[in-house]
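Okay, structure first, notes after.
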2 protein chains.
Amino acid sequence: MKNEILKYLSKYTVITKELENAISESTFIKTFRKGSVILKEGGISNECYFIIKGCVRSYFLKDGEEKTIEFYTEEQSVIPANYETFKPSESYLECLEDTIVSVGNPKLEKETFQKYPQLESLSRIIAETIILKQQVSFTEFRTSTPEERYLNMMKARPDLHQRAPQHQIASYLGIKPESLSRIRKRIISKK
Amino acid sequence: MKNEILKYLSKYTVITKELENAISESTFIKTFRKGSVILKEGGISNECYFIIKGCVRSYFLKDGEEKTIEFYTEEQSVIPANYETFKPSESYLECLEDTIVSVGNPKLEKETFQKYPQLESLSRIIAETIILKQQVSFTEFRTSTPEERYLNMMKARPDLHQRAPQHQIASYLGIKPESLSRIRKRIISKK
DNA sequence: CAGCTCCATTGACTTTAGTTAAGTAATCAC
DNA sequence: GTGATTACTTAACTAAAGTCAATGGAGCTG
């Protein structure tokens, strides 16, 4: 299972025996059942996750409604917003499917980075890559209509449509379920 | 001037003599006149910037219109989307004011990280912090109406309103200039 | 299997943003 | 300083999303 991480890291660097050791020493596997809540509002989190298999949704409550922050699937990292801060969480983490994750925590992380500085270097590079990718997503979102956002999502992550209910996808797109329903209808009639 | 960076870094760590050296060896100062274009569409960028004083806007063209990606001001880092990729830029970087920046480039960066691993560690931590902050901004944007976005911006970065023309702010908020004009009118009449 | 809950869809209506066009104010260039 | 350009505002109209309510279907539960 753990070689899923190595497979991911191999996109950024050559996997050495050292790196393999670093990963296996600093992470462990956990599995969650569909419907499990990994983190609740108000909860303290001290773990981060790399998704090996499955789907996790983060969301929070605003005006009594669930607002989906992100859907995390295979090869994505979940870092709770309160990771390492010891502050209560404002959001939830929920498994939409049976999910297998690789778990990290600050203590293990710190020790491993000291022992394997190349891993920290790799982490920096990946973090910077994620920043740029996030910025592209954000910009794309900002400059698109709800209809375009839906089409973009279907192109970039078509699997989400099978994995998450439509009202959660709607809130992820920043619109109401009724609007998403109409947008879908409009798209079909255009074809 | 360079101690502006140290001042910023001091939010994350204790500034050692070593760190001071690391910064002064790996960066240099550049100044740009108001209106200067730092990076054009199609241009290759191999520099990143830390803004000491001034304001830089990044934008790109979509359907013949300028879409503002971000306004960068004091203590913010500008990393062009094509930094280190050697691919032509899809966006522009333009100075809205006379601007003083500290410049970094991949070669200097790499050398410095090898010489001062603690700086790379700090960079990782800051990058991870930025990821979380970006996610909060994105989520806030997604779950807000245009009016709320404008109010949020005025609260979080009121200076932008003086520093950037309104139509650029409109595109930053993902709306048309006419809509921003109406939103402002609506807000005033509510008071 | 009946009843319940949750979800997606649809319709009627309201609100708000986009579009187009015109007019005014501000800025820049000569 | 004058003319030209650009930015901002306003208005009338269109298009799309939000709101509220009702319906029908899927899935769960006793």
Side-chain angles (χ1 to χ4, degrees), chain A residues 33-37 55 57 59 61-68 71 92 94-98 140-154 160-191, chain B residues 33-37 55 57 59 61-68 71 92 94-98 140-154 160-191:
Chain A
R33 285 258 149 182
K34 175 176 177 173
S36 305
V37 177
C55 183
R57 177 176 75 116
Y59 67 93
L61 297 177
K62 183 175 176 182
D63 308 327
E65 278 180 12
E66 290 185 3
K67 305 282 185 178
T68 298
F71 295 106
Y92 295 79
E94 166 199 75
C95 297
L96 299 189
E97 304 170 356
D98 289 352
E140 188 172 85
F141 187 92
R142 240 195 309 237
T143 60
S144 300
T145 62
E147 181 170 332
E148 289 168 335
R149 284 176 211 155
Y150 177 69
L151 292 170
N152 286 340
M153 190 206 77
M154 289 300 281
L160 286 187
H161 200 263
Q162 327 303 328
R163 304 177 95 166
Q166 211 164 291
H167 66 281
Q168 291 178 4
I169 290 175
S171 86
Y172 182 54
L173 297 174
I175 58 178
K176 301 286 165 191
E178 296 92 327
S179 293
L180 179 53
S181 187
R182 277 185 298 228
I183 286 169
R184 282 161 44 79
K185 199 178 168 186
R186 206 161 62 211
I187 291 169
I188 291 164
S189 72
K190 273 185 191 171
K191 287 188 195 167
Chain B
R33 287 257 147 181
K34 175 176 178 173
S36 306
V37 177
C55 182
R57 177 176 76 117
Y59 68 92
L61 298 177
K62 183 176 175 182
D63 308 327
E65 278 179 12
E66 289 185 4
K67 305 282 185 177
T68 298
F71 295 106
Y92 294 79
E94 167 199 75
C95 298
L96 298 188
E97 304 170 355
D98 290 351
E140 189 171 84
F141 187 92
R142 242 198 305 240
T143 60
S144 300
T145 62
E147 180 170 332
E148 288 168 337
R149 285 176 211 156
Y150 177 69
L151 291 170
N152 286 339
M153 190 207 76
M154 289 301 280
L160 286 187
H161 199 264
Q162 326 304 328
R163 303 177 95 165
Q166 211 164 291
H167 66 281
Q168 291 178 4
I169 290 175
S171 86
Y172 182 54
L173 298 174
I175 58 178
K176 301 285 165 191
E178 296 91 331
S179 293
L180 180 53
S181 188
R182 276 185 300 224
I183 286 169
R184 281 161 45 80
K185 198 178 169 185
R186 206 160 62 211
I187 290 169
I188 291 165
S189 71
K190 274 185 191 170
K191 286 189 195 166

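Within every chain, numbering begins at 1; the chains are lettered A, B, ... in the order of the sequence lines, protein sequences first and strands thereafter. On a predicted model such as this, the values are computed, not experimentally measured, just so you know.
- Applying the side chain to side chain donor-acceptor pair (under 3.5 Å) test to A/Glu178 and every residue at least two apart in sequence or in another chain returns nothing.
- Cation-pi geometry between A/Arg184 and A/Tyr150 is not satisfied (NZ or CZ under 6.0 Å from the ring centre, within 45° of the ring normal).
- Under the rule for a side chain to side chain donor-acceptor pair (under 3.5 Å), B/Glu140 has no partner lying at least two apart in sequence or in another chain.
- Not counting sequence neighbours, A/Arg149 has no partner by the salt bridge (charged side-chain N to carboxylate O under 4.0 Å, His left out) test.
- Of the side-chain N and O atoms in A/Lys185, none sit less than 4.0 angstrom from OP1 or OP2 of D/dA16.
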Original post:
If the sugar-phosphate is the primed atoms plus P, OP1 and OP2 and the base is the rest, what is the B/S/- string for nucleotides 19-30 of chain D, using protein heavy atoms under 4.0 Å?
Top reply: BB----------
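- Remark: A/Glu97 engages A/Arg163 in a side chain to side chain donor-acceptor pair (under 3.5 Å) (not counting sequence neighbours).
- Scanning for salt bridge (charged side-chain N to carboxylate O under 4.0 Å, His left out) contacts around A/Glu66 gives A/Arg57, with sequence neighbours left out.
- Rounded to whole Å, atom P of C/dT9 lies 8 Å from atom CG of A/Leu180.
- At the phosphate of D/dT10, neither OP1 nor OP2 sits under 4.0 Å from any side-chain N or O atom of B/Arg186.
- Backbone-only contact: B/Pro165 has heavy atoms under 4.0 Å from sugar-phosphate atoms and none from a base.
- The interatomic distance linking A/Ile183 (CD1) with C/dT10 (C1') rounds to 15 Å, in whole Å.
- In this structure, B/Arg149 places its CZ atom 13 Å from P of D/dA17, rounding to the nearest Å.
- Contact annotation: A/Gln168 side-chain N/O to C/dC7 OP1/OP2 distance is not under 4.0 Å.
- Taking both residues in full, the closest heavy atoms of B/Ala164 and B/Leu96 are given as CB-CD1, 3.8 Å, listed atom of the first, atom of the second, then distance.
- With sequence neighbours left out, B/Ser179 forms a side chain to side chain contact (heavy atoms under 4.5 Å, CB included) with B/Ile175, B/Lys176, B/Arg182.
- Phosphate proximity of C/dA8 to A/Arg184: absent, as no side-chain N or O sits under 4.0 Å from OP1 or OP2.
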What N/O pairs connect the protein and nucleotides 25-27 of chain C at under 3.5 Å? Give each pair on its own line.
none

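- Atom pair B/Arg142:CZ and D/dA17:P shows a separation of 17 Å (rounding to whole Å applied).
- With sequence neighbours excluded, the residues forming a side chain to side chain donor-acceptor pair (under 3.5 Å) with B/Tyr92 are B/Glu41, listed by chain and number.
- Closest heavy-atom contact between B/Gln168 and B/Thr68: O-OG1, 3.3 Å.
- Residues satisfying the side chain to side chain contact (heavy atoms under 4.5 Å, CB included) test with B/Lys34, not counting sequence neighbours, are B/Asp98.
- A straight line from NE2 of B/His161 to P of D/dC8 spans 9 Å, rounded to a whole angstrom.
- Atom CD in A/Gln166 sits about 12 Å away from atom P in C/dC7, given to the nearest Å.
- Atom CD1 of A/Ile175 is separated from atom P of C/dA8 by 12 Å (rounded to the nearest Å).
- A sub-4.0 Å separation between OP1 or OP2 of C/dC6 and a side-chain N or O of A/His167 is absent.
- When all heavy atoms of A/Phe141 and A/Tyr172 are compared, the closest pair comes out as CE1-O, 4.2 Å.
- Taking the C1' atoms of five terminal pairs at each end of the helix from C/dC1-D/dG30 to C/dC30-D/dG1, the two resulting helix axes are inclined by 50°, rounded to 10°.
- Whole-Å rounding puts the A/Lys67 NZ to D/dG18 C1' distance at 11 Å.
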